[in-house]
Amino acid sequence: MKSIQDLNRLSPEKRKEAIADMRSKCACPSCPTYTECAAERKETTFCFYGKSLDCINREISCKCPKCPVHEEYRFRKKYYCTKGGESTAPKRL
C-alpha cells in the first residue's frame, strides 16, 4: 500500500483488512502525547481519522515521523492527534 488513494480503491472488505493492519502497526499508543482517555476509547491512527475529539489536548512529544504507518503512506505532518489527519484521509468504514 503506497497511498491513501490506493486504500480507497480497495473493496470494503479489503480496505477494512488493510486498516486493521495499519492499526496493528500504529505507534500512537506508545507516544508520550497519548493519554489514558485515548487508550480507554481505543483511539489510534489519527493520521487516518483525524484528531482526538476530547482525549488529547496538549502536545508533549511526537512519534509520528518514525511510525511505520506514517512511513508506509509517506505522510508529512505530525501531531495528528491534536492537529488532524492528512488531507487525503481514507473513507470511513
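Just so it is clear, the values below take in all heavy atoms, side chains as well, and ignore hydrogens, waters and symmetry mates.
The cluster map of Ile, Leu, Val, Met, Phe, Trp and Tyr, joined by side-chain heavy atoms under 4.5 Å apart, puts F48 and Y79 in different clusters.
Within the 4.5 Å cutoff, the side chain of Y73 has no heavy atoms near those of the E86 side chain. A heavy-atom distance below 4.5 Å is not found between the side chains of F75 and C64.
In terms of heavy-atom proximity, C31 sits nearest to S61 at SG-O, 3.2 Å. Contact between I60 and P32 at its shortest, heavy atoms only, is CD1-O, 3.4 Å.
Cysteine sulfur proximity is satisfied for C37 and C55, their SG distance being under 2.5 angstrom.
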Check against side-chain contact (heavy atoms from CB on, under 4.5 Å), Y34 and T44: CA-CA 9 Å; Y34 198 71; T44 61; 4.0 Å; yes
List the steps, then state whether side-chain contact (heavy atoms from CB on, under 4.5 Å) holds for I19 with Y49. CA-CA 11 Å; I19 291 173; Y49 294 116; 3.3 Å; yes
Take F46 and C28 through the side-chain contact (heavy atoms from CB on, under 4.5 Å) test and state the conclusion after the steps. CA-CA 8 Å; F46 298 108; C28 292; 3.5 Å; yes
Report the C-alpha distance between R15 and N8 in whole Å, list the side-chain angles of each, state the deciding distance to 0.1 Å, and finish with yes or no for side-chain contact (heavy atoms from CB on, under 4.5 Å). CA-CA 7 Å; R15 188 170 56 246; N8 282 333; 4.2 Å; yes
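For K25, the salt bridge (Lys or Arg N to Asp or Glu O under 4.0 Å) partners at least two apart in sequence or on another chain are D21, E72. Scanning for side-chain hydrogen bond (donor to acceptor under 3.5 Å, both in side chains) contacts around E71 gives an empty result, with sequence neighbours left out. Scanning for side-chain hydrogen bond (donor to acceptor under 3.5 Å, both in side chains) contacts around N57 gives an empty result, with sequence neighbours left out. Every side-chain hydrogen bond (donor to acceptor under 3.5 Å, both in side chains) that S30 has, sequence neighbours left out, goes to K63. Every side-chain hydrogen bond (donor to acceptor under 3.5 Å, both in side chains) that S52 has, sequence neighbours left out, goes to E43.
Pairs engaging residues 46-55 under the salt bridge (charged side-chain N to carboxylate O under 4.0 Å, His left out) rule: R41-D54 [sequence neighbours left out].
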